[in-house]
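The next block holds one structure in the form of structure tokens; read it before the comments.
The basis for the numbers below is simple: all heavy atoms, side chains too, and nothing from hydrogens, waters or symmetry mates.
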Amino acid sequence: MSRYRQLSAETRAAIKIAACQRVEAVWTCLGVLCPDMTPQAKKSLAEKVFELSRGKDRKPPRIQITPAQVTSIIWSNMQCINPRCPMLLFSNQIAEELNEFFKQESEA
């Protein structure tokens, strides 16, 4: 059974109204922007607009690690044996390396 059929009748009606409004909005916009377009070409362009609005062709934004997050992660898992150790941490460079590592992994 599809998820749509599992929704309440009220929710299905609201979805149907929203879908009709989207179609009307796109059709009206194309009519204003391209008044001389043939109905077949207008329909083809409208389908492309709907496909674009679904966002399937867009990649999700890449998650970036900040230097403060690196510091938090490293310091909570680090212990220096020297009591006078300043625990110098190059969090900017570590963040850049981690982001580069995850960038390569997500492109594969």
Side-chain angles (χ1 to χ4, degrees):
M1 182 182 277
S2 74
R3 288 185 357 186
Y4 181 77
R5 289 183 184 170
Q6 293 174 349
L7 299 173
S8 70
E10 189 175 288
T11 303
R12 286 196 308 265
I15 290 171
K16 188 174 181 178
I17 289 169
C20 289
Q21 289 173 339
R22 285 179 52 170
V23 170
E24 289 173 12
V26 169
W27 203 253
T28 301
C29 285
L30 292 178
V32 170
L33 296 173
C34 310
D36 298 334
M37 189 177 274
T38 66
Q40 185 62 27
K42 193 175 176 181
K43 180 180 177 186
S44 176
L45 186 56
E47 288 172 357
K48 290 177 183 177
V49 169
F50 289 126
E51 195 172 301
L52 181 65
S53 71
R54 287 186 202 104
K56 291 182 181 177
D57 62 334
R58 285 182 263 150
K59 292 180 181 178
R62 230 169 34 97
I63 297 172
Q64 293 286 314
I65 297 173
T66 66
Q69 291 170 323
V70 170
T71 301
S72 174
I73 292 167
I74 301 294
W75 279 9
S76 65
N77 296 296
M78 184 175 168
Q79 186 175 13
C80 187
I81 58 170
N82 185 347
R84 299 173 208 266
C85 177
M87 291 204 314
L88 181 61
L89 187 63
F90 299 100
S91 54
N92 286 333
Q93 291 81 357
I94 294 171
E96 287 173 10
E97 285 190 40
L98 285 171
N99 287 324
E100 190 61 33
F101 173 79
F102 286 114
K103 176 182 173 187
Q104 291 172 356
E105 191 172 277
S106 66
E107 291 175 354

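Contact between I65 and A95 at its shortest, heavy atoms only, is O-CB, 3.6 Å. The shortest non-hydrogen separation linking R22 to S53 is NH2-OG, 2.8 Å.
Side-chain contact check for M37 versus L45: some heavy-atom pair is nearer than 4.5 Å. In this structure the side chain of S44 reaches within 4.5 angstrom of the side chain of K48, judged on heavy atoms.
Within the model, atoms NZ of K42 and CG of D36 stand 11.0 Å from one another, a figure rounded to the nearest 0.5 Å. Here the straight-line distance linking atom CD of E97 with atom CD of E100 works out to 9.5 Å at 0.5 Å rounding.
No donor-acceptor distance shorter than 3.5 angstrom exists from the side chain of N99 to the backbone of Q64, with no hydrogens or angles considered.
Each of F50 and W27 belongs to its own hydrophobic cluster when Ile, Leu, Val, Met, Phe, Trp and Tyr are linked at side-chain heavy-atom distances under 4.5 angstrom.
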